[in-house]
Amino acid sequence: MIPPQDLLLILFGSAIVTSLSDIFGKKLGVKLIPGYIASLSLAVTLLFSIGLKPGKYSPQIAAPIPEAELIVDGLSKLLVQLFLAVAASASVHSLSYMREDDDLGAYFTLLLLLTAGVAGAVLSNDLFTFYCFWELTSISAYSLVGFRWWHWEPAEASLKYLFIGTSGALVTLYSVSLVYGLAGTTNFEEVKLSVAGLRGSMLMQVISTFFLIGLGTSAALVPFHSWLPDAHPAAPSPVSALLSGVVVNVPLYLMMRLYLGILPANLNLGYALIAMGLLSSIFGNLAALRQLDVKRFLAYSTIANVGYMLVGLGAAHRALSVGSSYQAVEAVTGMLIHMVNHSLSKSLLFLCIGNAIHGIGSRLFESLEGYGRGMRLTGVLSAIGLLNLAGIPPLAGYWGKMLITVGLAFKLQDPVITLALLLLEANFALAAGAYAYFIFREYKGLKPKVKEAPLYMILPELALALACTILSLNPALIVETVRSYVEALLGR
Amino acid sequence: MGIPNAYTIAAAALLAIGLYCLASKRNLVKLVMGLEIVTTAVNLSFMGMGMRGKGPDPLAQAYVAINMAIGAVLIALALSLLAVVYRHYGSLDAYKVSRLRW
């Protein structure tokens, strides 16, 4: 049983140790020492996170400070474990993938800081604490995207990500300051108590809209998405896995906390969330079809999947505002299950594509065609990820999408909702078709001259694929667990 | 709690100016200045929101101090990336630094 601050302490401490170990590694001639330390400490943190003790933790100086409170409940524990698992996989994969690069001490330190920021953001019970950890994540992510700055592409993508991401974060912070002005505090529970009476007021709508714009920019929702398809291809593959599997999920988590527990429910906001989610998924799926670059394809598919999650959130918000909490629970459960599935399978896919890119030396679909024949195991593993994302019924990806649909599909006399359902299902079908075509291209054409990837690359992919398979074989496990967490969150 | 006071109104105006600058300027250095203006607007907004009764709220002061540090890190990173981009492109015009589709 360990408190969450110890978990963060391990991550920050190992970040310092990693950056120092680079010096000794260079003297001893073992370049990968920081990588070993980072991977080991991430694995240890993942083990420790199983023993996180539920409860609230405030630092005390004279009296407890609610504005720096950390919370461990079912949801934050689940997401911390998920993010640590993805980060550990990416770190082990980097041991092979980044072997030729210099400055590995900086790389692994940034990776650990990104993970620490994500873990802190998910565990925080306060808006400003969340913002601080989120900025730590973002700054590490900007630097990791631009890690190979001597090429033009990472430099430009990183700068663009910095401008757009920081503007979004600052807009979020501005609405945090409005919340602070209303409530006199930023602690989630205290804010909830003080804004409960302001349902439907003008100021609450302004605050909700600012949060939607700011967090939507960080989560790459459609009008504000343009950083994501550039940042993913420019970053090294393990970093792309982290961006898609971890970073875009954190703002969605805060949106979930805000719109379902804290800010009062508002029917129009529910419709706005559904519309924005649908726009993201339609745009993401259509734009993915015409990409020549594999990583751009996967990046647009991330935008589409974030859109599905937002539709789930919007459906839950709508259900809450018309007072049917059964659908709200279903929709949020679906959103979270889709988040877990998408995070596992998308990071698996980015790592597998990383194997192929590392082996063949190109990111274009044309030159990668047939990599599944040359790299048998990588081919099978990426097919598992793609099938899981496509959500063919027995696989885990199906359950999240089904629950989102169930949460959306009620009071169907409203034509807008019927249209939204149709568009959502069409999107699922379109995406499944695109992924099937991807699998076809994996095995199409001549066998390229490429050997199977080394052990450090395969090992984390096997672990992620195993997680996807376990979820597929036993979906009731995760569905029931997540539903009980969501019921606790919504107070049913 | 009286939200509209001189500070918060000025903060909202500054936010609008900063976002306008971010949306309309072509020079990348001016975009960094836009980010700086928005950071200042948010800090001023926190201070204005903390003005109640007897002087400023220590909580708001703590927030602003932390946010200034974060802002400084961001600006440092942005300027170092600008230097790298200038070496690649020989220009700081956002329209020329657009081999990726901005």
Side-chain angles (χ1 to χ4, degrees), chain A residues 65-68 127-129 131-132 134-136 138-140 142-143 145-146 149-167 169-187 194 203 206 210 213 226-227 229-231 233-234 296, chain B residues 1-5 8 11-12 14-15 18-19 22-23 28 31-32 34-52 57 59-60 62-64 66-67 69-71 73-78 80-89 94 97-102:
Chain A
I65 309 170
E67 279 79 15
L127 280 166
F128 195 79
T129 314
Y131 172 78
C132 292
W134 174 244
E135 276 305 315
L136 179 63
S138 306
I139 291 168
S140 321
Y142 307 147
S143 319
V145 167
W149 50 269
W150 49 91
H151 299 304
W152 63 268
E153 192 186 2
E156 188 190 326
S158 169
L159 189 65
K160 182 174 174 182
Y161 183 16
L162 189 144
F163 279 133
I164 298 178
T166 308
S167 318
L170 286 171
V171 170
T172 312
L173 189 63
Y174 184 71
S175 51
V176 173
S177 83
L178 292 180
V179 169
Y180 166 71
L182 270 181
T185 173
T186 49
N187 182 283
S194 20
L203 193 60
V206 171
F210 268 114
I213 294 172
S226 57
W227 59 268
D230 293 335
R296 265 187 112 80
Chain B
M1 249 154 264
I3 276 191
N5 60 30
T8 51
L14 260 184
L15 182 80
L19 290 179
L22 279 170
L28 291 177
L31 291 185
V32 175
L35 281 186
E36 193 76 320
I37 294 172
V38 176
T39 315
T40 314
V42 172
N43 287 343
L44 187 61
S45 175
F46 267 116
M47 285 320 291
M49 298 296 176
M51 288 286 182
R52 53 173 70 102
D57 187 356
L59 192 61
Y63 286 168
V64 169
I66 295 171
N67 193 35
I70 295 175
V73 174
L74 278 167
I75 299 304
L77 186 61
S80 57
L81 280 171
L82 271 191
V84 170
V85 163
Y86 185 74
R87 236 182 271 170
H88 284 299
Y89 293 81
V97 187
S98 61
R99 284 187 226 165
L100 299 167
R101 277 149 267 163
W102 268 82

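Within every chain, numbering begins at 1; the chains are lettered A, B, ... in the order of the sequence lines, protein sequences first and strands thereafter. As the structure is a prediction and not an experimental result, all values here were calculated from the model.
- When each of A/Pro229, A/Pro233, A/Ala234, A/Ser167 is scored by its heavy-atom pairs under 4.5 Å with chain B, the top score falls to A/Ser167.
- Counting heavy atoms of neighbouring residues, nucleotides and ligands inside a 6.0 Å radius, atom OH of B/Tyr89 exceeds 12 of them.
- At least one side-chain heavy atom of A/Val176 sits less than 4.5 Å from a side-chain heavy atom of B/Phe46.
- Within the 4.5 angstrom heavy-atom criterion, no atom of B/Ala62 approaches chain A.
- At a 4.5 Å heavy-atom cutoff, the contact between B/Ala60 and chain A is made by backbone and side-chain atoms alike.
- Residues A/Trp149 and B/Arg87 approach most closely at CZ3-NH1, 4.2 Å, considering heavy atoms.
- When heavy atoms are compared at a cutoff of 4.5 Å, B/Leu35 approaches chain A by way of both its backbone and its side chain.
- When heavy atoms are compared at a cutoff of 4.5 Å, A/Thr186 approaches chain B by way of both its backbone and its side chain.
- Between B/Tyr63 and A/Glu67, the side chains place no donor N or O within less than 3.5 Å of an acceptor N or O (distance only, hydrogens not considered).
- Both the backbone and the side chain of A/Tyr174 come within contact range of chain B, with heavy atoms under 4.5 Å apart.
- The CD1 atom of B/Ile75 sits 8.0 Å away from atom OG1 of A/Thr166, with the distance rounded to the nearest 0.5 Å.
- In this structure, A/Cys132 SG and B/Asn67 CG are separated by 8.0 Å, a value rounded to the nearest 0.5 Å.
- Atom CD1 of B/Ile70 and atom CH2 of A/Trp134 lie 13.0 Å apart (nearest 0.5 Å).
- Contact of the A/Phe128 side chain with the B/Leu59 side chain is not registered, since no non-hydrogen atoms from C-beta on lie closer than 4.5 Å.
- Two residues are said to be in side-chain contact when any heavy atoms from C-beta on lie closer than 4.5 Å; A/Phe210 and B/Leu15 meet this criterion.
- Annotation: salt bridge (charged side-chain N to carboxylate O under 4.0 Å, His left out) contacts of A/Glu153 (sequence neighbours excluded): A/Arg363.
- Across all non-hydrogen atoms, the minimal contact from A/Ala155 to B/Val84 is CB-CG1, 3.7 Å.
- Between B/Ala78 and A/Leu159, the shortest heavy-atom distance links the atoms O-CD1, 4.0 Å.
- Residues A/Phe163 and B/Val32 meet the side-chain proximity criterion, which asks for heavy atoms closer than 4.5 Å.
- Considering only residues two or more places apart in sequence or on other chains, A/Ser158 meets the side-chain hydrogen bond (donor to acceptor under 3.5 Å, both in side chains) condition with none of them.
- Among all heavy-atom pairs drawn from B/His88 and A/His151, the shortest one is NE2-O, 3.3 Å.
- Across A/Tyr180 and B/Met49, no two heavy atoms sit closer than the pair CD2-CB, 3.6 Å.
- Using a 4.5 Å cut-off between heavy atoms, A/Ala169 makes no contact with chain B at all.
- Between A/Glu135 and B/Leu74 the shortest side-chain heavy-atom distance falls below 4.5 Å.
- Heavy atoms of A/Trp150 lying under 4.5 Å from chain B belong exclusively to its backbone.
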